[in-house]
Amino acid sequence: MDKLWLKLMSSDRFGLFIWGMMTVMLFLLSSISTSHEAQTIISTVLITALILLYRISKTYIHKSGRHLIRMAIIVISTFLTFRYINWRATESLPMQFGLVSMVCGLLLFLAESYGLINSLMGFFINAHPYHRQPIPLPKDDSLLPHVDIYIPTYNEDASITRPTVIAATQIHYPREKLHVYILDDGGTTQKLNDPDPIKAQAAAVRSAELKALAARYGAGYITREKNQSAKAGNINNALQHTSGDLLLILDCDHIPTEDFLQNTVGLFLADPQLFVVQTPHNFVSPDPLEKNLDTYTSSPAENELFYDVMQPGLDTWGTSFFCGSAAVLRRSVINQLGGVAGSTITEDAETTLDALSLGYSTAYLNKPMVSGLQPETYSGFVIQRVRWAQGMLQIFILKNPWRQPKLNIFQRLLYTNFAFYWGFASARMVMLVAPPVFLIFSINLCDASAQDLVSYAAPSLIASLITTQYFYGRVRWPFMSQLYEVIQSIYVTVGLIQVARNPRSPAFKVTPKGEVLSKKFISSLTMPFYFFLVFNLMGLIWGVHRYTTQTSGQGVLAFVMFWAVLDLALLLSALGVMLEKKQLRQEPRVPHQEPVSLVRNNAETLTGMSINASTTGARITVPFDTVRSGQLAKGEVVTVHFHDSLAVLNAQVIVHRRATGQQLELGLLYQLSTVNEERNAIRVAFGSSQQISINNQVRHQGRSIITGFLNIIRYAVRYGSEHLRFLLKTFTTNLIIFIRQQKGR
C-alpha cells in the first residue's frame, strides 16, 4: 500500500491533481460566510477533533491508520488556517484608517500569509515521510566500488581534523578499495607565499602538521595552487588526483562511524541513477543556544527537525539533497556535471539541483553516522545560517528551478520553498514590532473585535500549536522554533537583501569550529536586539496605561499585550543566548554506555560501566564495595578493557569520587602511545552508530505546549536577566575606568 501511494503521489499529473483538488476544496469551504456563533461552534468541534486525533496518534499502532490520522490532522489544521486568513483578507484589513494603518496592516497580513504558506509546505512535505532502509552489500568484495573519502579543511586546527582522519581510515570496507584524503585548502601555494610572513609561516606549520597526520594514519594529502571557489574548488581539485567510483564527503570535524559505507554503498548498487545518499548531521557539541541556555543534555538538537523529520519527507518527493557532508556521491555524475557546482555559496544544494536536472535521483538514509561540532559562538552560528540563507536564494535567482529540465512539479515547488523558507526572518521581525506599534502609536493593524479574535485567530493559533506538536514535538520543544527565528531574524534578513541586490555578491565564509572561550562576554552582534527589547517593553507599559484608561477595546488590548509578553520572553531569552559563557574544553565528550573491566597493578580486576567517552579519556562507574585493596588514588594507572568494542587502553585515574548509591565514579585519562591505541580510543567514543542513536533517543523527550511556554519564561527570567546584570556590571566597570583615566590626565 505504501509503495503504491508513493508511486501515485510521485506521478506528476496525478499528484498535482490530488493536492490541487484538496487545496481548492478546503479553500472554497473556508470562504463560506458564517455568523460568529456558527464559526465558534465549527472551530470548537474541529479543535476537539484535533485534540482527540493527536491523543489517538500517540497509541495507534497500525501504519495505514497512522497515515489516515496524519491526513485528517493536516486537513483540519489547514481548514482552520484558511478560515483565519480568509477573514483577515476580506474583513479585517485596516483600509479605512488612513495610509499608515493600511501600509502597516498589509505588512502584518503579508507576514501572517507567509506563515500560512510555510505551514502548508510543512504539511505537504510531511504528508507521507519515506523511511528508507540500508541495502546489504554483496559478500563478494570484487563487486564493490572504490570509495574516495574527502576531508576538506581550511583554517581548522589539526587537532579537529585528526579524529575524523583516524575514523575514516578504519571504516569497515575492503582496504584496497578505501582511499582517504585530506584536502588542505589552508596549505595552498597561495597561502604558503602570502606577503605577510606571519600568515605564510602559519600556513607552512599547518601544512606540515596535516602532512604528518596523513602519513601517520594512512591517508593521502592533497592541496592546490590557489584558493579558488572555496570548498567546491577544493573538492574539484581533488577529483583530478583521485579515481574512486563513489565519494564520501566529510567535514573535517565530522567523525564517521565504522559502518558508514556498509549502510550507504548498497543503495548505489541497487539504483544506477542514484546521485547522492545523504545522512543526518549529528552533533556532539552544543550550539550557542544550547550552551548558553543550558539545554544541550535535555532537549533535542536544533538540526534534528530538519534531518529527522523534514528530510524523510523530502525523500518522498525525490527532493532530499546533498548537505555538504556525511554524504556519498556518484563520481560519474560529478564528472558529467563538470565538477561540484560553484555558482553559489551553497555548493551542495546547487550540485543536487544540477544532478536532478540531468534526470538523476537522490536518497536520504535517516541513520546518524557522524559526530560533528556546532559553531560555539553566536557570531559563528550567524555566519553559518546567513550563508545557508544567501546560498538558497542565490540558487533560486541564478538557477531558477522552474527553468531546469527533467524536474517534476514537486521538485520545482520544493526547491522554490528552500529559497523562500528563509523569509521567516523578515516575517519574524514584523511580528516583533507589530505589538508595540499598535500599543504605543495606536496604529490599527487589524480591524477586529475581541469576538473576532476568539472566533478566528484563537482556533487557528490553537490548531497550529497542536499540529506542530504532532509533527515536530519529538524533536523540537514548543516555542523553541520561534526563539531560533528571533536570534536569526535580523542578520538573515540583511543577508537576503544583499543577495536580492546583487546575487553574486556573497563570499563563502567558513563556519568557525573548535573555538575556546576563555571568559564570559556579550556578543558584538547583540545591539539591534536591545532596540527590539526596549521598544517591546515600552509598548507593554503603554498598553497597561491604555487598558486602565480606555473605556472600550480592552479585549483587543489584552490579546496584543499577551502577544507582547511572549515576544518579550523570546527577546530576553535571545539575550541569554548572546551572553557567551566560558568554554575551556575544546574536545567533545559523548554519552557512552558499555561494560568495562579495570585491571590494577596488583592484578585486582574491577567491573563497571562507562558513562561517557572522548578521544582522550572516559568516565566510568564501579561498585564501591568491589574496591578491595583500598581507595583508587589519583595518578594510579589502570588497564581498561571495553567489552563490546574489544578495545584495551591504559589510563590514569584523574578523578575519583563517591557517586550516588554505592557507585564509585572514575575519571580516566588515556595514556596513548601507539597508533593502534589512538584508533581504539576513537572507536570507543565515536565508532558505533547504534550508540549515536541511543544518545539521540534519550534527548527525544517531548514537552507539552504549557511546559514549552514556561520554559521560555524561565530562560527569559534566568538567562535574560543574567545578560542584563552582566551588561550593567560591564558598563559600570568601564565607566569607573574612564572616570579614573580622566582624573589622571
Side-chain angles (χ1 to χ4, degrees), residues 1-32 42-86 115-132 305-306 308-320 364 366 408-411 413-414 417 421 459-476 702 705:
M1 182 67 182
D2 283 352
K3 291 182 179 179
L4 176 62
W5 193 94
L6 288 170
K7 185 175 180 180
L8 289 173
M9 295 310 290
S10 61
S11 168
D12 230 9
R13 294 179 180 178
F14 181 81
L16 182 62
F17 173 77
I18 293 296
W19 284 97
M21 287 296 295
M22 286 174 57
T23 304
V24 169
M25 183 175 64
L26 284 173
F27 184 79
L28 291 175
L29 286 173
S30 69
S31 63
I32 297 174
I42 292 170
S43 298
T44 301
V45 170
L46 292 179
I47 291 296
T48 302
L50 262 184
I51 294 172
L52 290 174
L53 287 169
Y54 176 75
R55 291 186 175 278
I56 292 172
S57 71
K58 294 292 185 182
T59 56
Y60 205 94
I61 303 300
H62 196 270
K63 185 178 290 186
S64 61
R66 289 204 303 268
H67 295 161
L68 289 174
I69 290 172
R70 181 181 290 262
M71 293 306 298
I73 288 175
I74 289 175
V75 168
I76 293 173
S77 184
T78 301
F79 176 80
L80 289 172
T81 304
F82 274 163
R83 288 290 290 174
Y84 172 70
I85 287 295
N86 179 70
L116 163 65
I117 294 171
N118 232 10
S119 295
L120 291 178
M121 290 306 302
F123 295 161
F124 175 71
I125 290 170
N126 289 293
H128 198 291
Y130 184 23
H131 300 291
R132 192 182 296 270
L305 190 151
F306 175 71
D308 201 62
V309 179
M310 304 302 286
Q311 277 276 39
L314 293 173
D315 201 19
T316 297
W317 306 108
T319 321
S320 59
Y364 178 71
N366 190 14
N408 63 45
I409 186 69
F410 302 116
Q411 291 170 329
L413 179 65
L414 289 171
N417 180 61
Y421 159 80
S460 177
L461 176 62
I462 294 170
S464 175
L465 290 171
I466 294 172
T467 309
T468 299
Q469 277 289 88
Y470 172 75
F471 280 117
Y472 314 126
R474 182 174 54 86
V475 294
R476 179 66 57 84
I705 294 171

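Every heavy atom of this structure was used, including side-chain atoms; hydrogens, water molecules and symmetry mates were not. Counting begins at 1 with the first residue of the sequence.
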Taking all atoms of both residues into account, what is the closest heavy-atom pair of [X] and [Y], and its distance?
{"X": "Thr467", "Y": "Phe123", "result": "CG2-CE2, 3.3 Å"}
{"X": "Pro459", "Y": "Leu80", "result": "O-CD1, 4.2 Å"}
{"X": "Leu314", "Y": "Ile125", "result": "N-CG2, 3.8 Å"}
{"X": "Gln411", "Y": "Gly318", "result": "NE2-O, 2.8 Å"}

Yes or no on side chain to side chain contact (heavy atoms under 4.5 Å, CB included) for Asp308 and Arg474, after CA distance, side-chain angles and deciding distance? CA-CA 10 Å; Asp308 201 62; Arg474 182 174 54 86; 2.5 Å; yes
Is the Tyr470 ring parallel, tilted or perpendicular to the Tyr54 ring (thresholds 30°, 60°)? perpendicular
List for me each residue that meets side chain to side chain contact (heavy atoms under 4.5 Å, CB included) alongside Leu116, sequence neighbours excluded, and say none if there are none. Thr81, Phe82, Ile85, Leu120
Measure from the side-chain N and O atoms of [X] to the backbone N and O of [Y], and report whether any donor-acceptor pair falls under 3.5 Å.
{"X": "Gln311", "Y": "Asn366", "answer": "no"}
{"X": "Arg70", "Y": "Asn126", "answer": "yes"}
{"X": "Thr468", "Y": "Ser464", "answer": "yes"}
{"X": "Thr316", "Y": "Tyr130", "answer": "yes"}
{"X": "Thr78", "Y": "Ile74", "answer": "yes"}

Check whether any side-chain heavy atom of [X] lies under 4.5 Å from a side-chain heavy atom of [Y], and answer yes or no.
{"X": "Trp317", "Y": "Leu413", "answer": "no"}
{"X": "Tyr472", "Y": "Met310", "answer": "yes"}
{"X": "Ile462", "Y": "Ile466", "answer": "yes"}
{"X": "Asn417", "Y": "Phe124", "answer": "no"}

Among residues at least two apart in sequence or on other chains, which ones pass ring pair (Phe, Tyr, Trp, His ring centres under 6.0 Å) with Phe306? Phe321
With sequence neighbours left out, the residues meeting ring pair (Phe, Tyr, Trp, His ring centres under 6.0 Å) with Tyr84 are Trp87
To the nearest 0.5 angstrom, please state how far the [atom1] atom of [X] sits from the [atom2] atom of [Y].
{"X": "Ser77", "Y": "Leu465", "atom1": "OG", "atom2": "CG", "value": "10.0 Å"}
{"X": "Met121", "Y": "Ile117", "atom1": "CE", "atom2": "CD1", "value": "9.5 Å"}
{"X": "Thr48", "Y": "Ile76", "atom1": "OG1", "atom2": "CD1", "value": "10.0 Å"}

